[in-house]
Protein chains: 2
Amino acid sequence: MHRPGGARAGAARRVLDLLRAEGVISRVELAERTGLTAATITNTVRPLVADGLVGEVGRDPQPGRGQPRRLLRLVAGAWHAVGIQVDRTSATIVVLDFAGARVATANLPGTGGRGPDATVAALADHVDSLLDRAGVARSRVLGVGLVTHGPQDLERGVLLTAQPGPEWLEYPLTGTLAERLGLPVLLENDANAAALGEMWAGAPRTDTFGLIYMASGIGGGVIVDGEVYRGRASNAVEIGHVALAGGSRPCVCGGAGCAQAEAAPHTVVARALGDRVLAERFAVTGARDGTLADFDRIARAWRAGDADAAAMLERSAHWIGQAAVTLVNLFDLDTVVLAGPAFAVAGTLYRDHVAAALERRALGRALSGPRVHVSSNAGSAAAHGGALHVLRTMPVGAPPRLPAAEPARGGAP
Amino acid sequence: MHRPGGARAGAARRVLDLLRAEGVISRVELAERTGLTAATITNTVRPLVADGLVGEVGRDPQPGRGQPRRLLRLVAGAWHAVGIQVDRTSATIVVLDFAGARVATANLPGTGGRGPDATVAALADHVDSLLDRAGVARSRVLGVGLVTHGPQDLERGVLLTAQPGPEWLEYPLTGTLAERLGLPVLLENDANAAALGEMWAGAPRTDTFGLIYMASGIGGGVIVDGEVYRGRASNAVEIGHVALAGGSRPCVCGGAGCAQAEAAPHTVVARALGDRVLAERFAVTGARDGTLADFDRIARAWRAGDADAAAMLERSAHWIGQAAVTLVNLFDLDTVVLAGPAFAVAGTLYRDHVAAALERRALGRALSGPRVHVSSNAGSAAAHGGALHVLRTMPVGAPPRLPAAEPARGGAP
DNA sequence: GCCAATTATTAACCTGTTAAATTTAAGGTG
DNA sequence: CACCTTAAATTTAACAGGTTAATAATTGGC
């Protein structure tokens, strides 16, 4: 377990995590919250300050006597990280500073159609220009978190699925992108990435919870004690393919009654398309890459008070609720988060249904029934989490000194 | 994470685990299998030998040149542990020596009916007499692993379920038993205990697998990297209450279509009782505490070639298969073990059904489809695992010297 | 009897830890 | 104002567990 050089493990990692979550915090609070001793905090923080990763920013204006707590915070500009989420039909890129704040975002429609070579090249170009626009020096980027859907081999950095096309299977995804960008690239699952993001952004600060991610497909992620549950080979929580009571629709996985087949946006849209009147009222197009847009139209119709839209969404939410019950009972959780673009518009409807299902069926929750939340940034949570994954995983040493003149990009210091 | 005194953690624990699993093993193999350095092995083994927990037993007769490997093994008599499994209708007690071998077993029918006070007293009496009969000195017993079904609070050592009766809820179970016996008592779930037992006894030596435990009820356990997955509060893997596609029977948990309600022995027996002809042919009694006995009769009829019995069991196995698929997909496993008295007779039928279901529906298992095994000692696996849990969890130092004369109980040294 | 191969042990060191001083800076008090 | 009290931060020393690199021990083969 010897980790040489700059890879900060154990104490340092927990301190940085907490610093990132809280923004500004004193050493004493760091000790309390991490469970480490004050001595350990001192010894851990000292080199972080020396390396320019952490800075002191005044003192805690608390009334009592005694030496006031000196407040610490991450030096935002010390490092940056890039998060890229590639969906079937689009990509989202975010750039975070070392404190975890978003300094740039880009949305690229229509990414999946071309082959992997073209797609990776396009992504790299966009990362380049996004970093330039944000004025982030390449030498200060810690790495890239690449977030995709479906089974992956994290070690080798390849997808284990033939979607969007067979040429993606076993394509050296992280390798190619890393070489092109000259930066390390970490692969991560969309649901896990969103869950990591939720650890910081999430309203209810908890370190053990489950997450259901719904975009084109449905995925799940579980965080236990602040770490992603990975199972045997990091392809855990395939909640899109749990068989549900009452389900019957055939699924791409070969089974029937899967959550994916019953509840995913595609199914909701297909139902609308099946009824001429509804299809017209919701203006669903049925376009190959427009499932999520169609789904959003239905969701907006619901928000405008359309009863038929409500019925269709409730039918989907019913299945998500059932899946959540299974997730909670198997992993012993007390919080469930809903994330992903599909929850962006109708998140509250899903939340209420899931909460009701858990209320009825979750076991062992004698006290305090499970809580359900919709992710605050349901749309880009996964890309954000991918970048956070890089920030907390990659070894950090002192950031390199920048060359003499940094192109000043206006604004306050 | 400082563990004072005799509590051996990290290296020592891994060495003891491996020693217990392999029986006899050299230092070199110990280093290879644990991933620790040869030096660490030396430093770890030395105090274990000094404390009389590990002994050298000759050398490895390998052909090549060089210094031969010296073989090590646990000193069986150094310590002992007791495992008690309490079911609704009976209890099993086992005594293991330090090497994990069973030195005594007892089966007590009809335990649940009386209140907790009377039950605990009876259990303690039986432990006492079992230890006496086996000639195990009380001072050399490390502790007792108490194994029960359903939700528990491991910290406080109480059950969180009102079964078998409301007076069991919050009854100070481990406290009372520990005081009465003068030994530490650890509470554990039956499925987790059986899974722990399987780690050693199991044919396929793997450290990441799931287990389905079926007695009166259905429970689940997951082991990842040799450790029990516990979740938020150690009540994980409630697989008895996953909702299954096509299920509809109401369940005690308030839901419907639960694995428990569809597949448990009680349901199979109830179906037989519903048909006068079958009930007579299988000689099911429908007695309140005879569910498992009735179930065994049906299983034996299946083994004797009865087609109706086969149909009934296959119906149950169908649900177990579906539950196994959910377990494997959510926890990302490649091995499933079936354990518990319900699999004692018809284990192979269930195994075949579960294997077929996983073949069809398990994801991400591109290579090497998941394997399914029936526990070798399906009946007493849980009690055995409870005792093993004590052996590997309790701090071990040098065993106390026994008083001058130990009552010799005949037999070779 | 010596060499080569292999196993086991020792010594030095590195990281992170705890427990017990020690320092620091307010705030109160004579 | 000088001095004490107190809360908090920090340093120190000892130690725990693990690592590498060098050393010692044991044997088979020539």
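By convention in this document, chain letters (A, B, ...) are assigned in the order of the sequence lines, proteins followed by strands, and residues within each chain are numbered from 1.
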Practice task
Cation-pi check, B:Arg20 to B:Phe98: give yes when NZ or CZ is under 6.0 Å from the six-membered ring centre and within 45° of the ring axis, no otherwise.
Solution key: yes
Rounded to the nearest angstrom, tell me the gap between atom [atom1] in [X] and atom [atom2] in [N].
X       : N      : atom1 : atom2 : answer
B:Asn43 : C:dA12 : CG    : C1'   : 13 Å
A:Leu72 : D:dA8  : CG    : P     : 16 Å
A:Glu29 : D:dA8  : CD    : C1'   : 13 Å
B:Leu36 : C:dA8  : CG    : P     : 15 Å
A:Leu30 : D:dA8  : CG    : P     : 15 Å
B:Ile41 : C:dT10 : CD1   : P     : 15 Å
A:Arg46 : C:dG16 : CZ    : P     : 13 Å
A:Arg27 : C:dT24 : CZ    : P     : 14 Å

Problem - salt bridge (Lys or Arg N to Asp or Glu O under 4.0 Å) between B:Arg27 and B:Glu32, intermediate numbers included - result: CA-CA 9 Å; B:Arg27 286 180 177 79; B:Glu32 284 168 359; over 6 Å; no
Problem - Atom pair CZ/CG of A:Arg232 and B:Leu333 - distance to nearest 0.5 Å - result: 8.0 Å
Practice task
Return no unless some side-chain N or O of B:Thr40 is found under 4.0 Å from OP1 or OP2 of D:dG18.
Solution key: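 Negative; the distance criterion is not met.
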Problem - Phosphate OP1/OP2 of D:dT20 contacted by B:Thr37 side-chain N/O (<4.0 Å) - result: yes
Exercise for the section: Among the candidates D:dT10, C:dT17, D:dT26, find the nucleotide nearest to the side-chain atoms of A:Arg14. Expected result: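 For A:Arg14, the side-chain atoms sit closest to C:dT17.
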Fill in the blank from the handout: Side-chain contact check for B:Arg70: nearest option of C:dT10, D:dT19, C:dT9 is C:dT9
Exercise for the section: Could you tell me whether B:Glu188 and B:Arg230 have a side-chain N and a carboxylate O separated by less than 4.0 Å? Expected result: yes
Problem - Salt bridge B:Arg156-B:Asp153, side-chain N to carboxylate O under 4.0 Å - result: yes
Problem - Which residues share a side chain to side chain donor-acceptor pair (under 3.5 Å) with A:Arg102, sequence neighbours left out - result: A:Ser380, A:His384
Return the polar atom pairs (N/O with N/O) between nucleotides 3-6 of chain C and the protein under 3.5 Å, or none.
unit_1, atom_1, unit_2, atom_2, d
C:dT6, O2, B:Gln67, N, 3.2

Exercise for the section: Return the minimal non-hydrogen interatomic distance between A:Leu53 and A:Pro399, and the atom names on each side. Expected result: CD2-CD, 3.8 Å
